[in-house]
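Below you'll find the structure, written out as structure tokens, and then a few comments.
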Amino acid sequence: HPLAKRIARGGSRSVGMAQASDNVPITEQANSLTTDLDLASALGCVRLFRQSDAQLFAGFQTYPSLYDLIPQLCALLPVVRRFFRAHGCTQHNRTSCSCEPVAAVTPASARASGSSDSCLRHRVVISGSGTSGRLAYFVCRTFNQLLLENKVTSSSDASSASSARGSSPLFHHLIAGGDSALMRAAEQAEDNPVRGAADLEAAELDADRILFIGVTCGLSAPYVAGQLRRVCDAPPGKYIGAVLLGFNQESQARRSIIEGWDRTFAEELAATREALAAFPPIPSTSRPFFWLCNPAIGPEALSGSTRMKGGSATKMILDALFSVALQTSSNTDEIDDASHSTTTSHADQLLVEKAFFGYERAMRAVYRTSSQLACVVERAGETLSVAEGHLYYLASDLDLAMLGLVDASECPPTFGASYTTVQCFCDGGFSYTGEPEKTSLQRFLTSILPALTVHDTVVVLVRHWPLEPSSDLASCVLALSVANHSHFVFHVARAAQTQEDESTAISSSAGRMSTTTNTSVLRVQVQVSTSSSARWATRLSSYETLAVKWALNAITTGGHVLAGKVLQNRMIDLRVSNNKLYCRSLAIVAQLGKVCPQRAERLLLRAIYNLDEDQLTESICSAQVSVHLTHAAFQSSVVACALLLALDHTHRYRDSVKLCKEALAQTPTIRKLLI
């Protein structure tokens, strides 16, 4: 084992590679905690994920952490509360709105006539690419549904608000590539700032006041850069503010050229900061504010895989912001200037702190079941190690199904998996796909289940166990049992916490794996306060959904690690599908292959174009990255092939791309090919 490690690494590790560097963005750094991730067992993988996720709350080095973010989040709460109130979402009765029909009201006319801000149509737009865009959809759907199901205004007030503002939801999501990218990754769409600006402009059509939140974990997505430009160029009064959410320092924002654009992301960020007003917002000014929300959560357990900590932090921040705003939207002492009252500010901070404490307990709840979760990870590794293996998620609860869909859709770009390798099926299917029947539990029951093999793994996601006998999900589980096909049930349960002060809770979860015939049930219990101040968070169930996200990320990431898709803690079978991933691939080849950046790029291009060294022309080397991406879309094992070329010191593969790819087709685990 130690010998294999030395051979696979080509010598001792460079300590500096694992340490933080100002030149390498935090989200792209290799986490020193997980340097030997590819050598870990299933249980070892889960334990390493636990250590990495702990940085979400403990912080990373000397940078500001999530908890340091609380005062700034509280400064944004008055803005969000005003949006909820104007949209008719207060928790207290108020007199009916007597404003003119919305179509006749504009921001300028409202200010000129002295009309209330509630006369205008308000919208919160959350946008992102890849995982960030999927989580934008999840958050928007969750809060729109929450507001719809829990009508907190009086009946007459709701009727008046409906007639004035129509049925347009408050929250609106944007994702690079459109809604089809929710299920099937469209990574190259992230590189289009013009499309990003156009998508945001289209979202303005039936809104008078907009709060824009752009999510890009690495402060790098051109799609979001275009939207920052649009906020600055929009008519005065259209945007009340812009929030940019990411997890790198501003000095680490992407500085490489964006094709078809006149600024880098870093330059666009600086221009936005200069054009907009400083944070916290001052309502008396007509200029929209700008806030860069960028706590440091540390490098990912799998370098660059921001679907993990980056995605979790995104969900926590947005859930905490909007749920606390809803809890406190009935406050009658709203302050409309920067001098937020001490009492209100302190109460807000306590609520946000409680939300973060709840998320931290949810994380501990998941990892207290590490031994049991490792059983699922090990089985997933066996499934993903064979070409004919499939991992299926089943759920009847749409929130849990969406998390399964998000996790599944991220596997192709991250691990080079087929789009059919990891799939999710839900009750009725996913309607936005246009063909929901293809992702329904009925299709799984009639088409997929009869063809299951010993290589396939099924994970059932539930809130309540046992299931209702008449449900489609219960029929699937029964059919799995009858077919004697082993499967896992992930049961996320809620335990009531009656203590008013949630921060005093010491133990917040319990986990166990029970086995009945061939059904293994893994139960994670998450505590939720039953105090009146937390009723919105209880309805939102954000703690449970976050717990499920952590577990699913561990299953697919750990499974692909065991399947040999990772070298050290780098993804070596990622699809080179956009500019960011091209740059990441270059860094992986240079660092792990121990070659200079110029040599790394030549090796990567050879793998993309299937060329030997003497066939690589100057025209190919000088082409734009977008040209390379077009060719890379049709190639597999690009990074792994380039690495094998770089590390083949014995010349076993004779510097031949063809021989390297043939070897990788037979043995996908690159470490085994180097022994």
Side-chain angles (χ1 to χ4, degrees), residues 31 33-34 36-57 131 135 297-313 315-316 359-385 391-393 395 400 403-411 414-415 417 421-422 424 457-461 488-492 509 511-513 520-526 543-566 569 571:
N31 196 321
L33 295 173
T34 61
D36 288 323
L37 178 62
D38 63 330
L39 299 177
S41 64
L43 180 57
C45 286
V46 174
R47 288 172 174 169
L48 289 173
F49 299 152
R50 178 180 63 193
Q51 293 177 50
S52 177
D53 282 332
Q55 291 178 319
L56 283 164
F57 306 99
T131 298
L135 289 174
I297 56 177
E300 297 287 353
L302 180 62
S303 180
S305 184
T306 50
R307 78 191 192 105
M308 300 180 76
K309 283 196 295 189
S312 299
K315 188 175 186 304
M316 285 189 285
Y359 299 135
E360 190 168 0
R361 287 199 304 272
M363 182 198 72
R364 293 176 180 175
V366 173
Y367 288 117
R368 282 185 64 186
T369 67
S370 291
S371 297
Q372 297 90 342
L373 184 58
C375 295
V376 190
V377 171
E378 185 169 17
R379 173 60 185 170
E382 295 170 357
T383 290
L384 298 171
S385 296
L391 174 60
Y392 297 111
Y393 294 136
L400 302 188
L403 292 170
L405 176 69
V406 169
D407 189 77
S409 64
E410 291 160 347
C411 291
T414 306
F415 302 108
T421 299
V422 184
C424 183
T457 296
V458 179
V459 178
V460 183
L461 308 175
F488 299 92
V489 174
F490 185 86
H491 175 202
V492 56
S509 64
R512 60 183 173 84
M513 179 79 87
S520 299
V521 182
L522 170 60
R523 185 168 186 259
V524 173
Q525 195 170 357
V526 181
Y543 300 149
E544 296 111 293
T545 53
L546 195 59
V548 172
K549 179 189 178 298
W550 271 311
L552 299 188
N553 285 170
I555 291 170
T556 49
T557 302
H560 280 100
V561 168
L562 297 177
K565 298 292 187 177
V566 171
N569 54 5
M571 53 179 86

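Residues: numbered from 1 along the sequence shown. This is a predicted model, so every value here is computed, not measured.
- Annotation: side chain of Asp53 is in contact with side chain of Tyr367 (closest heavy-atom distance under 4.5 Å).
- At distances below 3.5 Å, not a single donor-acceptor pair connects side-chain atoms of Thr414 with backbone N or O atoms of Cys411.
- Inter-residue side-chain proximity for Arg307 and Thr557 is flagged as met; some heavy-atom pair is nearer than 4.5 Å.
- Ring geometry, Tyr359 versus Tyr543: the interplanar angle exceeds 60°, so the pair is classed perpendicular (tilted spans 30 to 60°).
- Remark: side-chain polar atoms of Lys309 are paired, donor with acceptor, to backbone N or O of Pro299 under 3.5 angstrom.
- In this structure a side-chain-to-backbone donor-acceptor pair under 3.5 Å is present from Lys549 to Met308.
- Atom CZ of Phe57 and atom CZ of Arg364 lie 8.5 Å apart (nearest 0.5 Å).
- Minimum interatomic distance between Ser385 and Ala563 (heavy atoms only, all atoms of both residues): OG-CA, 3.4 Å.
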side-chain contact (heavy atoms from CB on, under 4.5 Å) assessment of Leu403 paired with Leu461
CA-CA 10 Å; Leu403 292 170; Leu461 308 175; 5.7 Å; no
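- Residues Met571 and Gly304 approach most closely at CE-C, 3.8 Å, considering heavy atoms.
- Within the model, atoms CD of Glu378 and OG1 of Thr457 stand 11.0 Å from one another, a figure rounded to the nearest 0.5 Å.
- Within a 6.0 Å radius of CD in Gln51, other residues, nucleotides and ligands contribute more than 12 heavy atoms.
- Gly559 and Leu384 make their closest contact through C-CD1, 3.7 Å (heavy atoms, listed as atom of the first residue, atom of the second, distance).
- For the side chain to side chain contact (heavy atoms under 4.5 Å, CB included) with Ser312, the lone residue among Ile297, Leu135, Leu546 that qualifies is Leu546.
- A heavy-atom distance below 4.5 Å is found between the side chains of Thr556 and Tyr393.
- Residues Val377 and Ala42 approach most closely at CG1-CB, 4.1 Å, considering heavy atoms.
- Within the 4.5 Å cutoff, the side chain of Val548 has heavy atoms near those of the Phe490 side chain.
- Counted by atom type alone, Arg379 and Ser520 present zero donor-acceptor pairs between their side chains at under 3.5 Å.
- In this structure, OG1 on Thr306 lies 8.5 Å from CD on Glu410, to the nearest 0.5 angstrom.
- Here the straight-line distance linking atom CG of Asn553 with atom CG of Asp407 works out to 5.5 Å at 0.5 Å rounding.
- Residues Ala547 and Ala362 share a closest heavy-atom pair of CB-O, 4.4 Å.
- Atoms OG1 and CG, on Thr34 and Asn569 in that order, are 4.0 Å from each other to the nearest 0.5 Å.
- Side-chain atoms of Val566 and Leu302, non-hydrogen and from C-beta on, do get closer than 4.5 Å to each other.
- Counting all heavy atoms, side chain and backbone alike, Phe49 lies closest to Ala301 at CD2-CB, 3.8 Å.
- Here the side chains of Leu43 and Ser371 are in contact, with some heavy-atom distance below 4.5 Å.
- The main-chain N or O of Gly44 is found under 3.5 Å from a side-chain atom of Ser41 such that the two form a donor-acceptor pair.
- Distance check: Trp550 CH2 to Leu56 CG gives 6.5 Å after rounding to the nearest 0.5 Å.
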